[in-house]
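Heads up: the structure comes next, in structure tokens.
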Amino acid sequence: MSNLIDSAKQQLISLVEDAMRSAVAANELPQAETPAPAAEIPKDPSMGDFATGYAMACARALKMQPRKIAEILCAHIQNAISTASAAVIYFCGVDVAGAGYLNFRLSDAWYQNVLRDIETESDRYGYIDEGNGRRVMVEFVSANPTGTMTIGNARGGVLGDTLAAVLERAGFDVWREFYVNDAGNQVNLFGKSMRVRYIQLLRGEDAIEMPEGSYMGEDIKALAAEYRELYGESDDALSEDELVEKMIAFGLDRNIDRMRRDLERYRIKYDRWFRETELHESGYVDDTMRLLTERGHTYEKDGALWFRATDFGCEKDEVMRKSSGYYTYYAVDIAYHRDKFEKRGFDRVIDVLGADHHGHTLRFKSAMSAIGIDPDRLEFALMQLVHLLRGGEAVRMSKRTGRAITLADLLDEVPVDAARFFFNLQKPDTHLEFDMDLAIRSDSESPVYYVQYAHARICSLALMLESESVTVPAAGDVNISALDSPLERELIKALAQYPEEIRQAARQLDPSRINRYLVDLATRFHRFYTANRIKGSDPDVMRARLKLADSVRSVLCCGLTLLGISAPPKM
RNA sequence: GCGCCCGUAGCUCAACGGAUAGGGCAUGUGCUUCCGGAGCACAGGGUUGGGGGUUCGAAUCCCUCCGGGCGUGCCA
């Protein structure tokens, strides 16, 4: 449960605040309303491990030169540092730089604590208690069961799954859910399309035409063929409605089963596959519409039931129940989200959606307000769509044409480790270009191998030293001053950054931070490892460096595990 | 038309409002009697789409224009 980056920042802020009070008390600085100090990490470590531009921020309020303010504060902080107990103070020095920056140097105690935390927390390192056990549901993929999953679902799957993993480590009680749209127009069309293909199989292509708007994909033909194999040819005698209904049940079961298998292959497992039909059958949609009406948020027009969405800032009102008597997807989704919050008691709900659904966000929040649920409890992780390239050309994705590259195709060609890493390398709100050809030959090029290689390298080093009776020492036995080069200090700081990355990833709903962090950590390790011999060094130095390397191994393993990627000891 | 997202090196992406805007790929030059060369070091590459504004300080916030993506259904 440690976060030494954050602890150091807090301590820095306290030191600055105390110094401010002391300086005012000593009449060195005037009493004034000043902004709260903020700690930052300079890009260039030669400017300190931590810094604050507080003196600059105060210049206007104090009507003094920032540099002068900084010098006064600096003297008080130096005094505080020198009189504090070495065991609890994270800084060993502070100085004034530039226009008025206060630059802080970390103490040996801080560095030693980093290694100690990684050792004691082991595979739980990076777990923080930001969530305090609050229950959060992450709903993701939720692909339409009338078709196959696409490359876009490959990105959404990794985003949702790793976001859930990040939230777990941030201290939330996390639930993964897949919403199955197994009712409505699309499903009906799906059944009708299958029926026509089935009849064509029995009586020939010319016997019956695919109606306008049908699902034209090969997958529908394949399902019809499977159906024929299972049930024979006698179902030709059923009425159209009977046959369609039977085919829907059959087709959905097949497709959902396939999705489940493909996702498991992709290392994604859900706590629940929630069926839309359940909301209809239990009467919960009716009940939710009744609630909406009771609260005065609906009206009838042209034979349809409308939701007064404009009362909540939407552009226009929305149909809840069509004049045909059927509910719209939107009405059902309102009931579904009410179920998440009211029936099942989740504190937060995060929906992972493709950016083409961004128009939903305000509508959903409005509906939550309308039924008395705080809309801030519902959040959206929007993900830009994937542009798939093959042979240098864009591949269009369409369920209807069946020309799309599916998730299953992807997994046939690209190793799961690489796919999971690649799709989560960029922030969700950037368009992602996925070059199939590049991914396939990515064995040695993908950044995932770079990270795994660092891990494997350390494992084999430890193994080799062990054969010479050199084992990894305990953190308390490490002479931290033996790790005094900039590369080593930077590497330890990078290790300390991991819990902070989890926190930021959880706050920003951006798990791709972890991927970039791991690449950065691996880079720092490779640099350190190239520059510093371990085997054959002075025993004190060797043991300290070995401990450092082993700490890197441990954190790389934590991060890769979080991402659902293997951390092999050999490659 | 209106709304949301994006525009950073040849390509692809980073950068709590902070100091000289960084990494990867690609290009060029080097590094192995020694712990894994799937690695490392160095180099070239930029008016952060244009123009205003806010302030000690802007890739970041505000306005405006340009360019791209996506929405804007009694589809889901």
Side-chain angles (χ1 to χ4, degrees), chain A residues 9 38-44 46-48 51-53 55-60 65-66 97-101 103 142 144 146 181 183-187 189 213 276 301-306 314-316 318-330 332-333 354-362 382 384-385 387 425-433 435 438 443-447 449-454 456-465 468 500 504 507-508 512-513 516 519-520 522-523 525-537 542 545-546 549 570-571:
Chain A
K9 282 187 176 180
E40 61 189 75
I41 299 176
K43 270 175 235 156
D44 182 352
S46 72
M47 295 164 173
T52 178
M56 284 127 85
C58 288
R60 172 173 283 249
Q65 287 178 358
Y101 281 100
N103 292 342
S142 298
N144 202 311
T146 55
N181 292 101
N185 271 349
Q186 299 289 343
V187 170
L189 194 59
E276 177 186 345
K301 192 181 91 182
D302 303 333
L305 180 71
W306 295 72
C314 292
E315 282 179 30
K316 53 188 181 44
E318 297 285 342
V319 172
M320 296 282 96
R321 194 181 57 234
K322 296 179 256 185
S323 50
S324 64
Y326 290 105
Y327 287 116
T328 59
Y329 89 96
Y330 183 34
V332 183
D333 253 353
D356 54 336
H357 290 82
H358 74 259
H360 296 355
T361 58
L362 181 58
L382 289 178
Q384 287 295 334
L385 303 184
H387 295 164
L425 194 52
Q426 276 137 40
K427 283 189 302 187
D429 60 9
T430 65
H431 290 91
L432 187 134
E433 250 181 47
D435 188 330
L438 189 70
D443 274 17
S444 61
E445 230 165 275
S446 162
Y449 295 100
Y450 183 78
V451 175
Q452 287 177 323
Y453 176 61
R457 241 180 152 180
I458 301 167
C459 288
S460 84
L461 165 75
L463 209 62
M464 189 206 56
L465 286 176
E468 299 176 11
E500 181 63 14
Q504 293 302 331
R507 285 185 181 175
Q508 298 171 24
S512 71
R513 292 187 66 99
R516 291 191 294 276
V519 172
D520 179 68
T523 300
F525 170 74
H526 286 308
R527 275 211 278 264
F528 151 78
Y529 194 69
T530 302
N532 298 288
R533 292 283 309 169
I534 295 178
K535 186 184 169 192
S537 297
M542 175 176 69
R545 287 179 180 167
L546 173 59
K570 276 188 211 165
M571 292 174 70

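Atoms considered below: every heavy atom in the structure, side chains included; atoms not considered: hydrogens, waters and symmetry mates. The chains referred to below are lettered A, B, ... by the order of the sequence lines, with proteins before strands, and numbering in each begins at 1.
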Gap between atoms [atom1] and [atom2], on [X] and [N] respectively (whole Å):
X: A:K427; N: B:rU8; atom1: NZ; atom2: C1'; answer: 11 Å
X: A:R60; N: B:rG17; atom1: CZ; atom2: P; answer: 21 Å
X: A:K43; N: B:rC16; atom1: NZ; atom2: C1'; answer: 11 Å
X: A:D429; N: B:rU12; atom1: CG; atom2: P; answer: 16 Å

Point to revise | Verify stack between A:Y101 ring and B:rA19 base, 5.5 Å, 30 degrees | key: yes
Using a cut-off of 4.0 Å on non-hydrogen atoms, how would the nucleic acid contact of [X] be classed: base, sugar-phosphate, or nothing?
X: A:H526; result: sugar-phosphate
X: A:A51; result: base
X: A:E40; result: base
X: A:P66; result: nothing
X: A:T361; result: nothing

Practice item. For A:H358 and for A:R527, locate the closest nucleotide of RNA chain B by heavy-atom distance; then report the residue assigned to the nucleotide nearer the 5' terminus. Key: A:H358
Check your understanding: Where each residue is assigned the nucleotide of RNA chain B containing its nearest heavy atom, which of A:M47 and A:A38 is assigned the position nearer the 5′ end?
Key -> A:A38
**Study point:** CD (A:Q508) with more than 12 external heavy atoms under 6.0 Å
**Key:** yes
Paired nucleotide for [N] [Watson-Crick or G-U wobble; both distances under 3.5 Å]:
N: B:rA43; answer: B:rU27
N: B:rU54; answer: none
N: B:rU72; answer: B:rG1
N: B:rG7; answer: B:rC66

Check your understanding: Does any donor-acceptor pair link the side chain of A:Q384 with the base of B:rC5 at a separation under 3.5 Å?
Key -> no
Point to revise | Side-chain donor/acceptor contact of A:D520 with base of B:rA14 under 3.5 Å | key: no
Practice item. Give the minimum heavy-atom separation between A:S537 and A:R533, together with the two atoms involved. Key: OG-O, 2.9 Å
Review point. Is A:N103 reaching over with its side chain to a backbone N or O of A:M47, donor-acceptor style, under 3.5 angstrom?
Key: yes
Kindly give the atom pairs (protein nitrogen or oxygen, nucleotide nitrogen or oxygen) under 3.5 Å for nucleotides 33-36 of chain B.
{"residue": "B:rC34", "atom": "O2'", "partner": "A:R533", "partner atom": "NH1", "Å": "3.4"}
{"residue": "B:rC34", "atom": "O2'", "partner": "A:R533", "partner atom": "NH2", "Å": "2.8"}
{"residue": "B:rC35", "atom": "N1", "partner": "A:Y529", "partner atom": "OH", "Å": "3.2"}
{"residue": "B:rC35", "atom": "O2", "partner": "A:K535", "partner atom": "N", "Å": "2.8"}
{"residue": "B:rC35", "atom": "N3", "partner": "A:I534", "partner atom": "N", "Å": "3.0"}
{"residue": "B:rC35", "atom": "N4", "partner": "A:Y529", "partner atom": "O", "Å": "2.7"}
{"residue": "B:rC35", "atom": "N4", "partner": "A:N532", "partner atom": "O", "Å": "2.5"}
{"residue": "B:rG36", "atom": "OP1", "partner": "A:S460", "partner atom": "OG", "Å": "3.4"}
{"residue": "B:rG36", "atom": "O2'", "partner": "A:Y453", "partner atom": "OH", "Å": "2.3"}
{"residue": "B:rG36", "atom": "O2'", "partner": "A:R457", "partner atom": "NE", "Å": "2.7"}
{"residue": "B:rG36", "atom": "N7", "partner": "A:S460", "partner atom": "OG", "Å": "2.7"}
{"residue": "B:rG36", "atom": "O6", "partner": "A:M571", "partner atom": "N", "Å": "3.4"}

Exercise for review: Rounded to whole angstrom, note down the C1' distance from B:rG3 over to B:rG57.
Suggested key: 33 Å
For nucleotides 57-61 of chain B, list the nitrogen or oxygen atoms of the protein found under 3.5 Å from its nitrogen or oxygen atoms, one pair per line.
none

Could you run down the sub-3.5 Å N/O contacts of the protein with nucleotides 72-76 of chain B?
{"residue": "B:rC74", "atom": "O2", "partner": "A:S323", "partner atom": "N", "Å": "2.8"}
{"residue": "B:rC74", "atom": "O2", "partner": "A:S323", "partner atom": "OG", "Å": "3.0"}
{"residue": "B:rC74", "atom": "N3", "partner": "A:S323", "partner atom": "OG", "Å": "3.3"}
{"residue": "B:rC74", "atom": "N4", "partner": "A:D302", "partner atom": "O", "Å": "3.0"}
{"residue": "B:rC75", "atom": "OP2", "partner": "A:K322", "partner atom": "NZ", "Å": "3.1"}
{"residue": "B:rC75", "atom": "O2'", "partner": "A:Q186", "partner atom": "NE2", "Å": "3.3"}
{"residue": "B:rA76", "atom": "OP1", "partner": "A:K322", "partner atom": "NZ", "Å": "3.3"}
{"residue": "B:rA76", "atom": "OP2", "partner": "A:Y329", "partner atom": "N", "Å": "3.4"}
{"residue": "B:rA76", "atom": "N6", "partner": "A:Y329", "partner atom": "OH", "Å": "3.1"}
{"residue": "B:rA76", "atom": "N1", "partner": "A:H360", "partner atom": "NE2", "Å": "3.2"}

Point to revise | Qualifying residue, where the test is side-chain contact (heavy atoms from CB on, under 4.5 Å) with A:Y327 and the options are A:V332, A:V319, A:D333 | key: A:V332
Exercise for review: Mind telling me whether A:Y329 and A:H360 have parallel, tilted or perpendicular rings, with 30° and 60° as the class edges?
Suggested key: tilted
